[in-house]
Amino acid sequence: MSRTTGSRRATARRALRGSPWRWVVLAAVGVGALLTAAPFLLLVLNAFKSSSDYSQNGPLAWPTSFSLEAFEGYLARVDFPLALWNSVTISVVVAFLGVTLGLLAAYALGIGRVRGNTAVVAVLLLATMLPHEALIYPLFYGAQALGLLNSVWSVVIVFVVLQGAFATYLLSSVMSTVPRSLLEAAALDGANRRQVLWRVVAPILLPTMSVLVVFFFIWTWNEFYIPLVLLADPASQTVPIALSTLRGQHSIDITVVNAGSLLSLIPTVIFFVLFQRTLSRGVTAGAIK
Amino acid sequence: MTIETTAGSARRSSGQPPDRPPAGRPPRRRADPAKRRGQAGYWWYLAPLGVGFLAVVALPFLMNLYISLTSWRGGIAPVTWVGLDNYARLLADDEFWTSLYNSVYMIVAIVLVPTVLGVLIAAALFDYIGKEFGGRAAAFLRATYYLPQIVPIAVAGFIWAWVLDSRDGVFTLVLQQLGIHDPPDWLGDPAVALYSVMLVLIWLQIGYPVVIFMAALQRVDPELYEAAELDGAGWFRRFRAITIPQIRPEVFVVVLTATVASLKVFAPILILTGGGPEGSTVVPSYYAYRNFFELSRVGYGATIATVMSLVIFLAAMVLLALQRRSDRKENH
């Protein structure tokens, strides 16, 4: 939108002014957005009800009184601070380590152009498409053999590599656009390979890498299948897995699960609001000018 | 699941010449003797990821392949070599074919509907709402559509399982209040459940194309629209003649990543229906999971997972080839 010129805006205004269509379009897009948001609104509405209020008045009624009973119920059953800590540990380590591993590998592929680099990148791309089902059983036994089952580090190792493969794929293609002259100038100044990476290449790629860190954090936070299998013990569970384990127990009040869902939702929403600009920039990152 | 490649499209939407092959490999280069000489040292930079890749992807994948050639109930049970028996059994397994057939519905819900809706919503937000009501309104609406994409699938799945519940689900209650006394059992009726799941998947997915396409539209030169407007082209003609061709690379990225994702759908099925009722919503990934962890038919589960990988690679290759062909056509 930043590129919209003043004159264009003026033309558009002239053409559309007074058109009844503007309200029709706004209404259509607005209703769509409302429907998208509706499940979340329902969640908030019902998380603050007592269970008797819910069973008497149903999910659509306004709460008769503001109640934190459901939250207390959830926190009594799930060690939420521990789950939060596990999730933060896993996501932060994976985001930073994954991007670092990707940067190193991409340096060898995009700048070093080691033999067979095209094939390596193609294999890494395939790896990002691989269904986790085709890895899970050996990973399960591997983690068990190493004593890492029910340890957050098993999930960390798996996702550092999987996200690292994606980072390598993305960063190596961006790196191939770094001007050769820049690297040669650095080499003439006596910079060795490591110095070229950290002082020349890394700063150029910083915007792309920061976008990757944000995405890796969210993707890892939301991961479901591999953590579900590798982290069966409540002490090692992440926020989403703790919620889904609890839901499997039939005797739980719906309001309690509602409150748990809301609690599990809050960290990602905070993160989303903080990094919204990075996320929407993510799509256009990689422009090296 | 599918945001997974939002950043992947990154490079596509930057200021690169449009005729460059997208999303694929970096262009092949001629050997540069001066550079080749000093390459050995670069292998060290590849080593950490390389070792990790062997341990976490390559070795497990090969082991899975081996397991698929055996009969194994898991754990310390004996492992019996059966050759290709599992694959032969799979070809004759109705439940597997149902699961593969259901993947077509997943493609409709994850690729087709969201991509079409996404183009329309993105164009409306960028081209209309953004100009008429301000960029803030457009950004707010975009964020709303994107919200389901950043929510943990466990949370999203729970919310929908509750909304679609047959006894006191919101859908059912609203319909009852409207005077419909016998609303369908959204997740419990074999004739309806698959469509309910599709509805949830569309909701989950829609934000991804909207965000990507809106970013793509910012790249389009406004002068193209101005010229078309001066020539008297209406909104729809501009949409068809300018918007669609200009964002074609992004459309391709969305279609490719979403297709791969739709062939891998797992969590929504596990949480919403568990493959039921009467196996009507089973998908390959869930069928593999069930064989691994519920039926203790590990060899068979590994077979399903291997075939799934092949189907995904094949679909990706077909799409990449199609795209290369249409790129070539455009350049001629």
Side-chain angles (χ1 to χ4, degrees), chain A residues 1 4-5 8 12 16 22 25 29 33 36-37 39 42-43 58-60 101 104-105 107-108 112 114 118 121-122 127 129-131 133-135 137-139 158 161 164 168 170 173-174 176 193 211-212 215 218 222 224-225 240 243-244 247 257 261 264-265 268 272 282-287, chain B residues 6-11 13-15 25-26 28 39 41-43 45-46 48-49 52-53 56-57 60-61 63-64 121 124 128-132 135 141 144-145 150-155 158-159 163 168 170 173 212 215 222 226 229 260 264 266-267 285 288 292 298 305-306 308-309 312 316:
Chain A
M1 265 157 272
T4 314
T5 58
R8 187 193 175 199
L16 296 165
R22 64 193 296 238
V25 174
V29 178
T36 310
L42 277 171
L43 188 70
L60 287 170
L101 237 58
L104 294 177
Y107 186 52
V114 295
T118 324
V121 171
M129 297 179 183
L130 202 63
E133 287 77 11
L135 307 173
Y137 223 80
L139 286 180
V158 170
V161 174
T168 308
L170 190 74
S173 62
V174 178
S176 58
R193 215 165 265 156
V211 169
L212 279 177
F215 272 101
I218 293 188
N222 291 345
F224 186 74
Y225 190 55
L243 176 73
S244 76
R247 219 201 118 221
V257 191
S261 296
S264 309
L265 202 72
T268 40
F272 178 56
V283 195
T284 42
Chain B
T6 307
S9 65
R11 170 180 105 72
S13 29
S14 57
R25 322 122 186 228
R28 192 182 289 274
Q39 272 183 356
Y42 281 110
W43 284 106
Y45 291 92
L46 198 54
L49 185 79
F53 184 83
V56 171
V57 181
F61 185 72
M63 279 168 73
N64 185 75
I121 293 171
Y128 213 94
I129 308 283
K131 279 173 223 151
E132 284 286 291
L141 289 168
T144 310
Y145 281 109
I150 56 137
V151 166
I153 185 65
V155 174
F158 157 68
I159 301 177
V163 167
D168 59 354
V170 177
L173 285 179
I212 301 236
E226 269 172 50
E229 232 168 293
V260 170
K264 293 204 279 195
F266 171 74
S285 65
F292 277 140
V298 179
T306 307
M308 250 181 91
S309 314
I312 290 171

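All values below were derived from every heavy atom in this structure, side-chain atoms included, with hydrogens, water molecules and symmetry-related copies excluded.
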*What's the shortest heavy-atom distance between Ser176(A) and Ser173(A), and which atoms?*
OG-O, 2.8 Å
*So which of Ser285(B), Ala316(B), Ala288(B) has the biggest tally of heavy-atom pairs under 4.5 Å with chain A?*
Ser285(B)
_Residue pair Phe266(B) / Ile153(B), side-chain heavy-atom distance below 4.5 Å_ = no
*Nearest 0.5 Å, what's the CG-CE distance between Leu130(A) and Met308(B)?*
9.0 Å
_Part of Leu60(A) lying under 4.5 Å from any heavy atom of chain B_ = side chain
_If you apply the rule side-chain contact (heavy atoms from CB on, under 4.5 Å), what do you find for Val114(A) with Tyr45(B), and how did you get there?_
CA-CA 10 Å; Val114(A) 295; Tyr45(B) 291 92; over 6 Å; no
*Between Ile312(B) and chain A, which part of the residue has a heavy atom less than 4.5 Å away: side chain, backbone, both or neither?*
side chain
_Quick check for you: among Leu42(A), Leu265(A), Val161(A), Thr268(A), which has the greatest number of heavy-atom pairs under 4.5 Å with chain B?_
Val161(A)
*Specify which of Pro131(A), Pro59(A), Ala127(A) makes the most heavy-atom pairs with chain B at under 4.5 Å.*
Pro131(A)
*Proximity breakdown for Ala267(B) and chain A, heavy-atom pairs closer than 4.5 Å*: both
_chain A contact via Val163(B) - side chain, backbone, both or neither, heavy atoms under 4.5 Å_ = side chain
*Engaged part of Leu243(A) at the chain B interface, taking heavy atoms whose separation is under 4.5 Å*: side chain
*Using 30° and 60° as the class limits, which term best fits the ring planes of Phe292(B) and Tyr137(A): parallel, tilted or perpendicular?*
parallel
*Select, from Pro39(A), Ser244(A), Ser264(A), the one with the greatest count of heavy-atom pairs under 4.5 Å involving chain B.*
Pro39(A)
*Considering non-hydrogen atoms only, spot the tightest contact between Leu141(B) and Val29(A) and give its length.*
CD1-CG1, 4.0 Å
*Measuring heavy-atom distances to chain A, does Val260(B) have an atom under 4.5 Å in its side chain, in its backbone, in both, or in neither?*
side chain
_Among Gly164(A), Ala33(A), Pro240(A), which residue has the highest count of heavy-atom pairs closer than 4.5 Å to chain B?_
Ala33(A)
*Might you point out which heavy atoms bring Val57(B) and Leu135(A) nearest each other, and give the distance in Å?*
O-CD2, 3.5 Å
*Based on non-hydrogen pairs under 4.5 Å, which of Leu46(B), Leu49(B), Thr144(B) is most in contact with chain A?*
Leu49(B)
_Separation of Ile150(B) CD1 from Phe272(A) CZ (nearest 0.5 Å)_ = 5.0 Å
